[in-house]
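Accompanying notes for the structure given below.
Worth saying up front: this structure is predicted, and the values here are computed from it rather than measured. Keep in mind that the numbers below use all heavy atoms, side chains included, and drop hydrogens, waters and symmetry copies.
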Amino acid sequence: MDRHDQSNEHDQLHESEQQKDWLDTELGSSNREETMVRTETKPSFVSRMFPGLVGGVIGALLTGAIAYPFIDQPATSVSDTNVTSQGTPVQTSSNVSDSSVTNAVATAQPAVVTVNNFAQTGFSSEAVEAGVGSGVIYKKEGDSAYIATNHHVVNGADKLTVTFNDGTTAEATLMGSDATYDLAVLKVDADKVPAVISIGKSSELKPGQTVIAIGNPLGQFENSVTRGVVSSTSRLVPVDTDENGQADFNAEVIQTDAAINPGNSGGALINEEGQLVGINSMKIATAEVEGVGFSIPVDIALPLINQIEQTGEVNHPSLGVSLRDVSEFPPGYLTEQINLPESVTAGTIIVEVQQNSSAAKAGLEARDVIVKINDKDVSSFIDLRSELIRDTDGTVDIEYVRDGKTETVQVEIQNANGSAL
């Protein structure tokens, strides 16, 4: 190669390098060192959808797992009704029972009767039905059976009949009655008696205990049964025994919310053993009062029923005095005429003492103010009379005020007819 050729080659090479430098200047050299630049790039469509897709799949799986026990059930189908040959639905027996109450009723109900009171009216000689109540067969002895009922059920009767549980009727004889305790005893032939009730103890009753009343409410619903509880084992309820419009005795009774309506009087109050614990007697009948009925405790009734059965009456004790309550007099009269201390605000004043009476023999006098009997406060003559009647040992301790001084005396009680108890 000659010098000229080398010069040309050199020139071409130089010219080529200049062109390359120009390209590098305009476009950037491909041999430059690459510079790292932090840039924000947008994710692809698939990368954006993938997390949501996974979450949806997981949620669906969880929902299916929870719902599976409920949805994996066969569809409920209603089968045809089981019917009789006549096409009526078949009845099924209930397994629910209250055996204590139903058994008690089944035991006692045959011994409860309906008492029919017949009386003559006007100028007619024929007795017509004057009232209806209930009664309880409490005793059978030989050819006779005895029924306890209320005095007000048989009062004024010219004729009495009883209707038994099976619907048969028999004439009844009145053995006697007592207005104070509202008790009476009837006698019937024993051959017609279907059952005799078992006698329980009212002293064993407790508040809240279940009791059942059986009787003939309204005189037309024989063998009716009502259920309730003992609201109180002992209530003192003022009653008007001589029907003069003034209470004269505090009856001691069982309070119950078992329904006791007119016609139930004289019927049975039983416990869950089917035992007689009371003789249904009265109900407070006002629009504002509901579920307040009363029954004579059998512990009180039984000895009185026995007296009526044996003698035709109850032997009521008597002091042999006439009384007026302290509350009836103005304070000035009590301090000036009776010489009663102002601290004494209750009691009953002896107005008159009968000769040879219990009070006379004990030395009690007119104007004495009785304030206690057997250590129980006396606020009225009702308190005194009620405690006298309940006393059983024949003597009572009486505390009284005479001329401003308080004294105590023991009194031997006689019957109202003057004989000893």
Side-chain angles (χ1 to χ4, degrees), residues 178-182 232 234-253 282 284 294 300 304 313-421:
D178 182 74
T180 299
Y181 284 101
D182 196 23
S232 174
S234 179
R235 287 277 190 239
L236 295 180
V237 179
V239 294
D240 178 13
T241 62
D242 54 12
E243 298 181 353
N244 65 352
Q246 181 179 5
D248 51 20
F249 178 63
N250 285 328
E252 183 176 352
V253 292
M282 66 185 94
I284 296 179
F294 301 104
I300 292 176
L304 300 171
E313 63 180 1
V314 173
N315 297 321
H316 290 297
S318 173
L319 281 176
V321 295
S322 299
L323 301 167
R324 291 188 65 181
D325 292 342
V326 166
S327 59
E328 298 180 40
F329 297 90
Y333 177 87
L334 295 172
T335 54
E336 295 175 8
Q337 302 297 322
I338 305 297
N339 197 20
L340 189 67
E342 293 183 358
S343 59
V344 179
T345 58
T348 187
I349 303 171
I350 298 177
V351 178
E352 181 182 0
V353 179
Q354 300 174 4
Q355 292 183 354
N356 299 320
S357 65
S358 298
K361 293 177 181 179
L364 292 172
E365 301 176 357
R367 300 162 69 91
D368 288 345
V369 181
I370 299 175
V371 293
K372 285 188 178 182
I373 178 170
N374 291 338
D375 205 34
K376 296 180 180 179
D377 291 338
V378 173
S379 59
S380 68
F381 79 96
I382 297 178
D383 298 332
L384 178 65
R385 184 168 185 258
S386 299
E387 184 61 28
L388 278 175
I389 291 175
R390 293 190 184 93
D391 187 78
T392 56
D393 62 7
T395 62
V396 293
D397 293 326
I398 291 181
E399 183 177 312
Y400 63 98
V401 178
R402 177 186 294 171
D403 293 329
K405 297 181 180 179
T406 302
E407 301 183 30
T408 302
V409 63
Q410 188 175 78
V411 182
E412 293 185 5
I413 304 300
Q414 299 174 341
N415 287 331
N417 60 13
S419 61
L421 286 176

Within the structure provided, determine whether [X] and [Y] are in side-chain contact (heavy-atom separation under 4.5 Å).
X	Y	result
D377	D383	no
E399	T406	yes
I413	L319	yes
P341	V401	yes
D178	L304	no
I370	V321	no
D397	D375	no
E387	V396	no

Value rounded to 0.5 Å, distance of [atom1] in [X] from [atom2] in [Y]:
X	Y	atom1	atom2	result
S380	R385	OG	CZ	11.5 Å
F381	S322	CZ	OG	11.5 Å
Q410	N374	CD	CG	9.0 Å
D368	I398	CG	CD1	10.0 Å

*So does E342 have more than 12 non-hydrogen atoms from other groups sitting under 6.0 Å from CD?*
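No.
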
_For E407, is the CD atom crowded, meaning more than 12 foreign heavy atoms sit under 6.0 Å from it?_
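Counting other residues, nucleotides and ligands, CD of E407 exceeds 12 neighbours.
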
What pair of heavy atoms forms the shortest contact from [X] to [Y], and how long is it?
X	Y	value
V353	S357	CG1-OG, 3.8 Å
G332	T335	O-OG1, 3.0 Å
D325	T348	OD1-OG1, 3.3 Å
L384	L323	CD2-CD1, 3.4 Å
V237	V253	CG2-CG2, 3.7 Å
A360	Q354	CB-O, 3.5 Å

*Check the angle between the aromatic planes of Y181 and F249 and answer parallel, tilted or perpendicular using the 30° and 60° thresholds.*
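Correct class here is perpendicular.
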
_Quick one, V326 with V344, criterion side chain to side chain contact (heavy atoms under 4.5 Å, CB included). Give me CA distance, side-chain angles, the key distance, then yes/no._
CA-CA 9 Å; V326 166; V344 179; 5.7 Å; no

*Using the side chain to side chain contact (heavy atoms under 4.5 Å, CB included) rule, take F329 and I349 through it: C-alpha gap first, then chi angles, then the decisive distance, then the call.*
CA-CA 10 Å; F329 297 90; I349 303 171; 3.7 Å; yes

